[in-house]
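Notes for the one structure printed next.
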Number of protein chains: 2
Amino acid sequence: MLKKERHDFIMRQINLHNRVLTSDLVQLLAVSEDTIRRDLQELVDEGKLFKVHGGALSKSYHSSFDDSTVYARDSKISIAKKATSLVKDGMVVLTGGGTTILEFVKQLPQNLEATFFTISPLVAVELAKYDNIEVILIGGLFSKNSQITYGGQVITQLSEIKADLCMMGTSAIHPSDGLTDTYWEINQLKKAMIACSKKTAVLCISEKLDISLRLKVCPIENISFLITELDEAHDALAGYRVKELNIL
Amino acid sequence: MLKKERHDFIMRQINLHNRVLTSDLVQLLAVSEDTIRRDLQELVDEGKLFKVHGGALSKSYHSSFDDSTVYARDSKISIAKKATSLVKDGMVVLTGGGTTILEFVKQLPQNLEATFFTISPLVAVELAKYDNIEVILIGGLFSKNSQITYGGQVITQLSEIKADLCMMGTSAIHPSDGLTDTYWEINQLKKAMIACSKKTAVLCISEKLDISLRLKVCPIENISFLITELDEAHDALAGYRVKELNIL
DNA sequence: CGTGTTTATGCGGTTTTGTGCAATTTAATG
DNA sequence: CATTAAATTGCACAAAACCGCATAAACACG
């Protein structure tokens, strides 16, 4: 087994389970602990994962539970500012939840006149601060982890609306695998959100680029805008330059 | 389980409940008390939480503790505590919005097992901190003033549920005029909420007693419980002592 | 081909880290 | 102020990580 193959194998495990134990890898790959450790160290150097005593964790996993209040806030603000340029007076916008979306809402121009549908109570509360925005909160089961509504009722309601633009956060995006997610319910939700919107914008911190998770939401061709904190000419975005997708 | 994973788990619990008990963590994570204590100590060193005898508290909780500025907070807490006695395991509860209801939710027992419907996003977020409570947020137009959902869609959804108990705040209550309100939409909403619940409890600061507003919601006979910060034998409650209405 | 160089891997010994146990000290409560 | 629960401390042990070295395969080049 070649080193590169081992690395790929490890990354697949990480993306699948968010974690991996050194001892497991020793067994699965039938090499010595030292080799595994060196492999992990190299992947760390490439910035692809996070090493801990006993194994390694995925980067996204790490970031999602860390103090999300401050984590990568600057990047998120810069993404949010770019995103506001897509919203014009009179639009009907559908939003998901998450800190990036919340930041986007905070950056909206004060006098914007628009209609917003959202599945996030926190986003709704934030939107309510704008006088000329009509806010419709889509109700349903409330998820304790992601602080959004989900489930069949939400999907049904989504099927009844037609939005000009859908703004959503990302778990992972990959040039060939497209938008992916770990949880079935969230996956279904995102599909429904994209389906009921004319255009979809994905707000995405650069570290979530080139990652794919278990469940596929849609190919990148189904997305209209990819918004990251990077400059639009940045190399990391090369794989995403397809006709349908505008990068900003 | 890796140490980092435990730390993340603990932080999730803290963010969810604002608090965590050492003994609970010992059970949930299946490690010794010592390990948990060391974990907590390390998180303290990282400045992520606040350690106390018996467990730990969230930092934000500690700092935002002095919201004694909130109007009549003591009265509302005392009302909230009384109100929790009405909720039993297995119940389906419907709640409105407002600071009194929010306080009520905060006072619920940690291990309560129940289903809550609510029209208030803030209440939903607070309820989500309880592991064994299922939260359903009723969606619709979002009111900027009262921070609740309202409108036809909400009423339709309410007509489809059947709750054991409805908890609502009060604008005004009067012995002969009953429950009244100023706004048409809120009035309709309250009617619908009462209609779909077997019993209704009204949480009411004493200063809202003996007031009547323009629009009538229902007579006091349609309410099952009136909860104020006053002693149940207090004179101010004399006019409300009717057969159907329990005062506490 | 041979020889020197790089790269990948494994092995032994040492150091660090994580965890639990027992004894003691400290806090909470009636 | 006595009783109990929780926290602290020091210690022991095992697992994991680290370091240096040896080996060998892959590669480069005259």
Next on the checklist: Please tell me if B:T22 has a side-chain N or O lying less than 4.0 Å from either OP1 or OP2 of D:dA7.
Outcome noted: yes
Checklist entry - Whole-Å distance between C:dT9 C1' and A:Q41 CD? => result 17 Å
Checklist outcome for this item: Which of A:L179, A:L209, A:L230 passes side-chain contact (heavy atoms from CB on, under 4.5 Å) with A:C204? It is A:L209
Item to check | Phosphate-side-chain proximity, B:K51 and D:dT8, N/O vs OP1/OP2 below 4.0 Å | outcome: yes
Next on the checklist: Rounded to whole Å, please give me the gap between CG in B:D34 and P in D:dA7.
Outcome noted: 10 Å
Next on the checklist: What contact category does A:V26 fall into here, base, sugar-phosphate, or nothing, at under 4.0 angstrom with non-hydrogen atoms?
Outcome noted: nothing
Checklist entry - Are any side-chain N or O atoms of A:K48 and backbone N or O atoms of A:D45, one a donor and one an acceptor, separated by less than 3.5 Å? => result no
Checklist entry - Within the distance-only criterion (no hydrogens, no angle test), does the side chain of B:T118 pair as donor or acceptor with the backbone N or O of B:L137 below 3.5 angstrom? => result no
Checklist entry - Taking CD from A:E33 and P from D:dA16, how many angstroms apart are they, rounded to a whole number? => result 6 Å
Item to check | Closest listed nucleotide, where the reference is the side chain of A:H53 and the choices are D:dT8, D:dC19, C:dT17 | outcome: C:dT17
Checklist entry - What is the distance, rounded to the nearest whole Å, between atom CG of A:L21 and atom C1' of D:dA16? => result 12 Å
Checklist entry - Could a donor-acceptor pair under 3.5 angstrom be found where the side chain of A:R38 meets the base of C:dG10? => result yes
Checklist outcome for this item: To the nearest angstrom, the CG-P distance between B:L2 and C:dT17 comes to 16 Å
Checklist outcome for this item: Whole-Å distance, A:K4 NZ to D:dA26 P, equals 20 Å
Checklist entry - Nearest to the side chain of A:R37, which nucleotide is it out of C:dC21, D:dA7, D:dC18? => result D:dC18
Checklist entry - How long is the line joining CE of B:M1 and P of C:dG18, in whole Å? => result 15 Å
Checklist entry - Can you check the A:Q27 CD to D:dA15 P distance for me, whole Å? => result 14 Å
Checklist entry - Below 4.0 angstrom, N of the basic side chain to O of the carboxylate: do A:R12 and A:D8 qualify? => result no
Checklist outcome for this item: Of the listed C:dG10, D:dA16, C:dT19, the closest approach to the A:V31 side chain comes from C:dG10
Checklist entry - Would you say A:K82's side chain and A:T228's backbone share a donor-acceptor pair under 3.5 angstrom? => result yes
